[in-house]
Protein chains: 2
Amino acid sequence: MPNDTCHCILLRKASRKVSSYYDEALAPLGVNIGQFSLLRNINRLAPISLTDLAVQVELDRSTVGRNAKVLERMGLVAIGHGEDQREAMLTVAPKGAAILKQGAPLWDSVQDDIEARLGAEKTRQLQELLAAL
Amino acid sequence: MPNDTCHCILLRKASRKVSSYYDEALAPLGVNIGQFSLLRNINRLAPISLTDLAVQVELDRSTVGRNAKVLERMGLVAIGHGEDQREAMLTVAPKGAAILKQGAPLWDSVQDDIEARLGAEKTRQLQELLAAL
DNA sequence: GCATGGAGCGGGTATATACCCGCGGTTCGA
DNA sequence: TCGAACCGCGGGTATATACCCGCTCCATGC
């Protein structure tokens, strides 16, 4: 039964499990790791259009649009218009900036935990392998 | 910006990308890697209840239930009842067995491609790391 | 000036995934 | 034997994710 060794299934399992680590750490802020990461990217690139952001985070544009809308409902992100009337320009709202600030140490702690558990060498291997896939 | 090094985001990206490799290979059969893998597990463990299958594949029971229902609609899986009237017992239908047979070489080819690209040593590392997370 | 093509988005649809709740069937103790 | 605890599921809800379609707006060629 080669099913236990399917690279895809193992990746998905690991992805779910690791996501839950970050999600738990960020739970007090009411955001999950996907939302927090998207918020960070918007902050880093703001003002940015949905399409450009989708390219940056390597997700489908419609996915980014829906996720951004959730952040907007939460009051963390503002969705305005660029010169081009078609463009939805994203910026971080004050409330979002607060979340970024409060979330940073929480994120750090999970990241550090994982690296401590793996050790420096394996952490490097992991990053390298994930990039190589 | 430590965002590019977030283990979680990198894992999710890798997971999406690698899933798409398998999905493309299996597309001619009309199933994706999640469905194919679930079908394999049902075949290996049949007859098995939803709850037990969920434990095996490390997914939420309701998720397995919904996914199984899709396979049932496709005619690949039969959902019957065990002695305990509450139990939904899963077995592979003939059509599902055919998919398993046809899919095996397609799955092998993606799996081999990935291992060839990484090399034996890194493939081992990958499996080890994913298990360690 | 206007038609045509292309770009940006929203929404529809489908699966993936999780959590929680309620219904109904089982079992076991009193 | 009969109610209470317990177990298995389905369904509701929410996000994550992708693909496709249609609408609107822009830019360019004529």
Colleague: Membership question, hydrophobic clusters at under 4.5 Å side-chain separation (ILVMFWY): are Met89(B) and Val92(B) in the same one?
Modeller: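 Result: no, two separate clusters.
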
Colleague: Which residues within residues 58-67 of chain A lie with some heavy atom under 4.0 Å of an atom in DNA chain D?
Modeller: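 Residues of residues 58-67 of chain A under 4.0 Å from DNA chain D: Leu59(A), Asp60(A), Ser62(A), Thr63(A), Arg66(A), Asn67(A).
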
Colleague: Please work out which residues in residues 48-55 of chain A have a non-hydrogen atom less than 4.0 Å from an atom of DNA chain D and list them by number.
Modeller: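 Listed by number, there are none.
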
Colleague: With a 3.5 Å distance limit and no angle check, can you tell me whether Glu115(B) reaches the backbone of Thr123(B) through a side-chain donor-acceptor pair?
Modeller: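 No.
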
Colleague: Check the distance between dA16(C)'s P and Tyr22(B)'s OH and give it to me in whole angstrom.
Modeller: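 Checked: the OH to P distance equals 17 Å.
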
Colleague: His81(A) NE2 to dC26(D) P: how many Å, rounded?
Modeller: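 Going from His81(A) (NE2) to dC26(D) (P), I get 11 Å.
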
Colleague: Are Leu133(B) and Leu11(B) close enough that some pair of their side-chain heavy atoms sits under 4.5 Å apart?
Modeller: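 Yes. Closest side-chain heavy atoms under 4.5 Å.
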
Colleague: Gln85(A): which residues meet the side-chain contact (heavy atoms from CB on, under 4.5 Å) condition with it, sequence neighbours left out?
Modeller: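 Partners of Gln85(A) by the side-chain contact (heavy atoms from CB on, under 4.5 Å) criterion come out as none, since no residue qualifies.
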
Colleague: Rounding to an integer number of Å, can you tell me how far Lys13(A) NZ sits from dA18(C) P?
Modeller: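 Rounded to the whole Å, the gap is 12 Å.
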
Colleague: Write down the distance between CG (Asp23(B)) and P (dC19(D)), rounded to a whole number of angstrom.
Modeller: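 The answer, rounded to whole Å, is 10 Å.
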
Colleague: I want to verify a distance call: between dC26(D), dA18(D), dG10(C), whose nearest atom is closest to the Arg16(B) side chain?
Modeller: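 Looking only at heavy atoms from C-beta outward on Arg16(B), the closest nucleotide is dA18(D).
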
Colleague: To the nearest angstrom, how far is Lys69(B) atom NZ from dC9(D) atom P?
Modeller: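 Rounding to the nearest Å, NZ of Lys69(B) and P of dC9(D) are 12 Å apart.
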
Colleague: Distance alone, cut at 3.5 Å: any donor-acceptor contact between the side chains of Asn43(A) and Arg40(A)?
Modeller: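 No, because no side-chain N or O of Asn43(A) sits under 3.5 Å from a partner of the opposite role on Arg40(A).
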
Colleague: Dump the intermediate steps for side chain to side chain contact (heavy atoms under 4.5 Å, CB included) on Val31(A) and Leu39(A), then the final yes or no.
Modeller: CA-CA 10 Å; Val31(A) 296; Leu39(A) 194 57; 5.8 Å; no

Colleague: Of Ile33(A) and Glu87(B), whose nearest nucleotide on DNA chain D comes first from the 5' end?
Modeller: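 Nearest nucleotide further toward 5': that of Glu87(B).
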
Colleague: To the nearest Å, give me how far apart CZ (Phe36(A)) and C1' (dT15(D)) are.
Modeller: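 The distance from CZ of Phe36(A) to C1' of dT15(D) comes to 18 Å, rounded to the nearest Å.
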
Colleague: Taking CD1 from Ile9(B) and P from dA16(D), how many angstroms apart are they, rounded to a whole number?
Modeller: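 Value for this atom pair: 10 Å.
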
Colleague: As a quick check of understanding, evaluate side chain to side chain contact (heavy atoms under 4.5 Å, CB included) for Leu53(A) and Leu38(A), giving each step before the final call.
Modeller: CA-CA 9 Å; Leu53(A) 182 58; Leu38(A) 191 61; 3.8 Å; yes

Colleague: Side-chain N or O of Arg73(B) less than 4.0 angstrom from OP1 or OP2 on dT15(C)?
Modeller: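 Yes, Arg73(B) has a side-chain N/O under 4.0 Å of OP1/OP2 on dT15(C).
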
Colleague: Expressed as a whole number of angstroms, how long is the span from Asn32(A):CG to dA16(C):P?
Modeller: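 Rounded to the whole Å, the gap is 20 Å.
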
Colleague: Find which nucleotide of DNA chain C each of Asp84(A) and Arg86(B) is nearest to by heavy atoms, and output the residue with the more 5' nucleotide.
Modeller: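 Looking at the nearest nucleotide for each, Asp84(A) comes out on the 5' side.
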
Colleague: Between Lys69(B) and Glu72(B), is there a salt bridge with N-O shorter than 4.0 Å?
Modeller: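 No, this pair does not count.
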
Colleague: Looking at Lys13(B), I'd like to know if its NZ atom is crowded, meaning that more than 12 non-hydrogen atoms belonging to other residues, nucleotides or ligands lie closer than 6.0 Å.
Modeller: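 Yes, NZ of Lys13(B) has more than 12 neighbouring heavy atoms, counting only those of other groups under 6.0 Å.
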
